[in-house]
Amino acid sequence: MNKVWAIIKKDIITELRTKELFSSMLVFALLVIVIFNFAFGFSAELLDLAAPAMLWISFTFAGVLGLSRSFALEKEGDAIIGMLLTPTDRSLIYAGKMISNTIFVFLVGLLMVPMFILFFNYNFLSTLVPLIPVIFLGSIGFVSVGTLFSAMALNTKLREVMLPILLFPIIIPVIVSAVKLSEQVLDGNSLLAASFSLKLLVSFDIIFLTACAVIFEYVIDES
Amino acid sequence: MAISTKNSQYDIQADGLKKSFGNFEVLRGVDLHIKRGEFFTLFGPNGAGKTTLIKLLATLTDPTSGNLHVSGFDVKKEVNNIRSTIGVISHDPYLYDNLSALENITFFGTLYGLDDIDNRARCVIKQVGLERRMNDIVRTFSRGMKQRLSVARAIVHDPKILLLDEPYTGLDQNGSQIFGEMLSDLKSNKRTILMTTHNIDEGLDLSDRIGILSKGKIVLDCPKSEIQRSSFKDLYISKVED
C-alpha cells in the first residue's frame, strides 16, 4: 500500500507543480461544452436530448488529453524505467497510476458539471448532486482502460493519435452506460430509479478494472 | 525449479544468451561470467547489443533463449529478487524532473521497500555530494548533477551489483572526472560492477576484466592485466571489424 500511495503522491506533487494535466483537461472540456452549446443554438428541446451525450463527449475528449500527458511525464528522462527497475509488482504501479489519473479526471468532471448546468439551463442543486456519483463511476471505467492504453502507447511514435484510436472503441460500453445514467438523472430520476444503467456501469467498471490490472504487467514490461 | 547458483562465486552468469526482436538477432549466444566484487567493462560499438544485454540483466526484457542468472537468481523466474540486488545507471537518469532530489530518492526508496527512507535518502544524496541541492527541483540540475543523483537512485537500496550502461555519455570533462571518482568509491565497496561503453579511455581505468561485444557476441574476455593500454585501441578495432 505504501508503494501505491508513493506513486499517487508523486503524481499529485508533479501536477501541483506543473498544472499540465489539470489545466489542459479543464480548458479543453469547457471549450467543447461552449462549442456544443453554440452549435446546437438555443433550441431547448434539442439541448435536452443531446445534453448527456455532450457532457460525456466533452469528458472523454478532455480525459484522453490528460491520460496521454500522464504517461508522457513518466517518459521524460525515462523515469518509468527507474520505477520498473524496483521490485514493485506491476499491478501496484497500475493501481497507483490509475488512482491518481482517476483523481484528476474526476476533479475535471466535477468542475465541468457547473459549467454544463449553466450552459444547458438545468437546476443547479437537483442536478449537481446526483451527477457526482455518475461522473465518479464513469471516471473509474474510463481511466481503468485509459491507464492501460496510455502505457501501451508509451513507446509509439504517434502516442497522442494512438491513444484515442485504441481507447475509444473499448470504452464504448462505459460511455454508453454513463450517458444513459446521466440522461435519467437529468430527467429528474434518482440514481436508484435508474438501477439498470447504474448496475451496467458498475459492472463495466469492475470488469475493466480487473482485466486491465492483469494485462498491465504484460503491456508495461514490453514497453 | 530454479537452478541453484546462489552460492556460486559468480554474480552474473550468462550462457548461450540470445535476444531477438522479430527476425533481427541482437544477441547471438553471449557467454559471460562475472565474479563477485569484479569490475567488468564491456566495450563495443553502437548496435553491438550492449544496452540489450544490460536490459536483460536488469529484468527489463526477457531473453529469447539461453540461461541467465544474476546474483544466483534466475532472470526468468526470480525477477523481484534480482531487482532488489541490482542498481542501474544509464545515460538517461531515470529521475522525475519535477520532483526535488530528496523527493526522487525517497520515492524510489519507497518502491524498494526500505525502512527509514528519509534518512537513507539524505545519506545517499550526501554521498554523491548533492546535499546542498537536496530540496531543489531536478529540472534545475546540470547533466552532471543529474547523473550523480542517478547514482544515488541506483544505490539507495545498497545493491550488490551495479549495471552501468554508457554512464559517461553527455558528461563534460569535469562531470566525467567526478563520476569516475564516484565509481572508484563504489568499486571499493566490493560491489560487482558491469559497465558498458564504446569509449576506450573511460572504460579501462577501473576495470579488473574487460570484454568486447561485437555483432551480438563476446569476441574478447580477459583480465585487464593481460592488455597493453597502448595497443588496446588497435586490438579493439581489429576485433570489432572481424
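Heavy atoms only: backbone and side chains are in, while hydrogens, waters and symmetry mates are out. Naming: A, B, ... by sequence-line order, numbering from 1 per chain.
With a threshold of 4.5 angstrom between heavy atoms, B/L111 approaches chain A through its backbone and through its side chain. A/I93 does not touch chain B: none of its heavy atoms, backbone or side chain, sits under 4.5 Å away. Contact annotation for B/I82: neither backbone nor side-chain heavy atoms come within less than 4.5 Å of a heavy atom of chain A. Of the two parts of A/T88, the backbone and the side chain both hold a non-hydrogen atom closer than 4.5 Å to a non-hydrogen atom of chain B.
Within a 6.0 Å radius of NZ in B/K35, no more than 12 heavy atoms belonging to other residues, nucleotides or ligands are found. Atom NZ of A/K75 sits in a crowded spot, with more than 12 heavy atoms from other residues, nucleotides or ligands closer than 6.0 Å. In B/K187, the NZ atom is crowded: over 12 heavy atoms of neighbouring residues, nucleotides or ligands sit closer than 6.0 Å. Counting heavy atoms of neighbouring residues, nucleotides and ligands inside a 6.0 Å radius, atom CG of A/N2 does not exceed 12 of them. No more than 12 heavy atoms of other residues, nucleotides or ligands shown are found within 6.0 angstrom of CZ on A/F136. Within 6.0 Å of atom NZ in A/K9, 12 or fewer heavy atoms from other residues, nucleotides or ligands are found, so the atom counts as exposed in its surroundings. Shown here is B/K55, whose NZ atom has no more than 12 heavy atoms of other residues, nucleotides or ligands within 6.0 Å.
Taking the charged nitrogens against the carboxylate oxygens, B/R139 and A/E76 have no contact shorter than 4.0 Å, which rules out a salt bridge.
Between B/D97 and A/T14 there is no side-chain heavy-atom pair separated by less than 4.5 Å. In this structure the side chain of B/Y96 reaches within 4.5 angstrom of the side chain of A/E74, judged on heavy atoms. A 4.5 Å side-chain heavy-atom check between B/F107 and A/M83 finds at least one atom pair inside the cut-off.
Across B/I137 and A/R17, no two heavy atoms sit closer than the pair CD1-NH1, 3.5 Å. A/G82 and B/F108 get closest at one heavy-atom pair: C-CE2, 3.4 Å. Smallest separation of non-hydrogen atoms from A/D78 and B/Y94: O-CD2, 3.2 Å.
A distance of 11.0 Å separates CD1 of A/I220 from CG of B/L60, quoted to the nearest 0.5 Å.
Ranked by heavy-atom pairs under 4.5 Å with chain A, the list B/T106, B/L99, B/T110 is led by B/L99. Top candidate by heavy-atom pairs under 4.5 Å with chain B, chosen from A/L92, A/L73, A/T86, is A/T86.
Of the possible polar contacts, none joining the B/R83 side chain to the A/L85 backbone as a donor-acceptor pair under 3.5 Å is found.
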